[in-house]
A.B. asks: 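Pasting a structure below so you can have a look.
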Amino acid sequence: MRENYWEKINKMKIKEITIRKFHVTDYEDVVQLWSEAGIHYKPNGRESHPRMEKEIQTGQAIFLVALADKRIVGVVLGTHDSRKGWINWLAVAKEFRRQNIAFKLVSAAETRLKEQGIEVIACLIESENSISRTFFSKIGYSKAPVEYFSKKQFPDA
């Protein structure tokens, strides 16, 4: 039986956190991290393996992971539409929080977005996610007076 991802992490002694590009082979570990962090991803929609792979290939996605001893302990996805950048899917394993990993991931995504000429970077945070609201406020993001509407072609889009 496969050892639980968090059990492996709990046994580790961290030497260093490394930020690198997401590899397609990271998908299952990232999905498990999102799931255990309470992020509601859509495995049959935008976050499916083929869709994620395609988004990365377009060059408009900046998908980064944080590694501790070669294990994924954090993730962020930065995207843009050529005028505005977005920070999405930020997650850090509970055992690794408060170690500046989220800040390092967001900073790395912001740097890459700025290198592509993006001057405005935003994030959408679910209203019940007070941890993310506090985090983004602390790193310089301000709440915009907008409401978000969406129209989907199918439920998992």
Side-chain angles (χ1 to χ4, degrees), residues 5 17-68 70-94 96-157:
Y5 184 75
I17 298 296
T18 304
I19 307 279
R20 69 155 167 79
K21 287 182 179 181
F22 167 88
H23 301 149
V24 177
T25 56
D26 297 330
Y27 182 78
E28 293 301 324
D29 289 334
V30 166
V31 165
Q32 187 166 359
L33 176 59
W34 283 338
S35 179
E36 294 183 11
I39 291 178
H40 310 289
Y41 75 100
K42 296 170 180 65
N44 299 314
R46 292 173 294 182
E47 290 81 45
S48 70
H49 193 278
R51 292 279 302 270
M52 298 285 287
E53 189 171 1
K54 183 179 177 182
E55 191 167 352
I56 291 166
Q57 291 172 354
T58 67
Q60 290 183 301
I62 299 160
F63 203 172
L64 305 172
V65 295
L67 301 166
K70 300 181 183 177
R71 296 177 196 254
I72 294 173
V73 298
V75 61
V76 71
L77 174 62
T79 61
H80 70 85
D81 61 8
S82 78
R83 42 179 210 96
K84 181 186 277 186
W86 293 94
I87 301 295
N88 301 296
W89 303 105
L90 174 65
V92 174
K94 287 184 181 183
F96 291 88
R97 292 181 185 167
R98 300 205 176 273
Q99 297 182 41
N100 253 0
I101 297 170
F103 177 75
K104 290 175 184 177
L105 283 164
V106 171
S107 294
E110 288 174 338
T111 296
R112 286 165 176 81
L113 288 166
K114 289 174 188 172
E115 288 169 352
Q116 294 183 32
I118 304 302
E119 296 176 358
V120 176
I121 301 172
C123 62
L124 295 174
I125 302 170
E126 293 175 342
S127 57
E128 70 274 2
N129 190 339
S130 61
I131 293 171
S132 288
R133 285 196 322 270
T134 300
F135 169 75
F136 280 99
S137 291
K138 284 183 179 179
I139 64 169
Y141 285 70
S142 56
K143 185 176 180 182
V146 298
E147 290 187 49
Y148 179 74
F149 292 81
S150 69
K151 184 176 182 180
K152 299 177 181 183
Q153 291 182 335
F154 55 92
D156 279 344

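Computed from heavy atoms alone, side chains included, the values below leave out hydrogens, waters and symmetry copies.
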A.B. asks: Say you draw a straight line from CG of Leu105 to CG of Leu77; how long is it, rounded to the nearest 0.5 Å?
C.D. replies: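 Answer for the CG-CG pair, Leu105 versus Leu77, is 11.5 Å.
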
A.B. asks: Quick check: closest heavy atoms across Ala91 and Ile39, and the distance to 0.1 Å?
C.D. replies: CB-CD1, 3.6 Å

A.B. asks: Could you grab the distance from atom CZ of Arg97 to atom CZ of Phe135, nearest 0.5 Å is fine?
C.D. replies: 11.5 Å

A.B. asks: For Asn100, what residues pass the side-chain hydrogen bond (donor to acceptor under 3.5 Å, both in side chains) criterion, not counting sequence neighbours?
C.D. replies: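 For Asn100, no residue satisfies side-chain hydrogen bond (donor to acceptor under 3.5 Å, both in side chains) once neighbours in sequence are set aside.
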
A.B. asks: Could you give the side-chain donor-acceptor pairs of residues 106-114 under 3.5 Å, partners two or more places apart or in another chain?
C.D. replies:
| unit_1 | atom_1 | unit_2 | atom_2 | d |
| --- | --- | --- | --- | --- |
| Ser107 | OG | Phe103 | O | 2.9 |
| Glu110 | OE2 | Tyr141 | OH | 2.6 |
| Thr111 | OG1 | Ser107 | O | 2.9 |
| Arg112 | NH1 | Ala108 | O | 3.2 |

A.B. asks: Are side-chain heavy atoms of Val31 and Met52 found at a separation under 4.5 Å?
C.D. replies: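 No, their side chains stay 4.5 Å or more apart.
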
A.B. asks: Once rounded to the nearest 0.5 Å, what's the spacing between atom CD1 of Ile87 and atom OG1 of Thr79?
C.D. replies: 8.0 Å

A.B. asks: Only counting residues at least two apart or in another chain, list the ones meeting side chain to side chain contact (heavy atoms under 4.5 Å, CB included) with Lys21.
C.D. replies: Leu64

A.B. asks: Side-chain contact, heavy-atom cut-off 4.5 Å: Lys152 with Lys42?
C.D. replies: yes

A.B. asks: If you compare all heavy atoms of Ile118 against all heavy atoms of Arg83, which two are closest, and at what distance to 0.1 Å?
C.D. replies: CD1-N, 4.0 Å

A.B. asks: Within the distance-only criterion (no hydrogens, no angle test), does the side chain of Trp34 pair as donor or acceptor with the backbone N or O of Trp89 below 3.5 angstrom?
C.D. replies: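 Checking the backbone N and O of Trp89 against the side chain of Trp34, a donor-acceptor pair under 3.5 Å is found.
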
A.B. asks: Got a sec, which residues hit ring pair (Phe, Tyr, Trp, His ring centres under 6.0 Å) with Phe22, two or more places apart in sequence or on another chain?
C.D. replies: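 With sequence neighbours excluded, Phe22 shows a ring pair (Phe, Tyr, Trp, His ring centres under 6.0 Å) to Phe63, given in chain and number order.
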
A.B. asks: Taking all non-hydrogen atoms of both residues into account, name the closest pair between Pro43 and Ser48 and its distance.
C.D. replies: O-CB, 3.2 Å

A.B. asks: Compare all side-chain heavy atoms of Leu124 with those of Trp86 and state whether any distance is below 4.5 angstrom.
C.D. replies: yes

A.B. asks: Would you please name every residue forming a side-chain hydrogen bond (donor to acceptor under 3.5 Å, both in side chains) with Glu47, sequence neighbours left out?
C.D. replies: none

A.B. asks: With heavy-atom distances below 4.5 Å as the criterion, would you say the side chains of Val73 and Gln99 are in contact?
C.D. replies: no

A.B. asks: To the nearest 0.5 Å, what is the distance between CD1 (Ile121) and NZ (Lys84)?
C.D. replies: 11.5 Å

A.B. asks: For Ile17 versus Ala68, what's the shortest heavy-atom pair and its separation?
C.D. replies: CD1-CB, 3.8 Å

A.B. asks: Looking at every heavy atom in both Ala66 and Ile19, which two are closest together, and how far apart are they?
C.D. replies: CB-CD1, 3.9 Å

A.B. asks: How many angstroms lie between SG in Cys123 and CG in Asn129, if you round to the nearest 0.5 Å?
C.D. replies: 10.0 Å

A.B. asks: Would you say Asp26 and His23 make side-chain contact, with heavy atoms under 4.5 Å?
C.D. replies: yes

A.B. asks: If you measure from CD1 on Ile62 to NE2 on His80, what distance do you get to the nearest 0.5 Å?
C.D. replies: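 The distance works out to 6.0 Å.
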
A.B. asks: Please list all pairs meeting salt bridge (Lys or Arg N to Asp or Glu O under 4.0 Å) that have one or both residues in residues 115-137, counting only residues at least two apart or in different chains.
C.D. replies: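 Passing the test, one end in residues 115-137: no pairs.
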
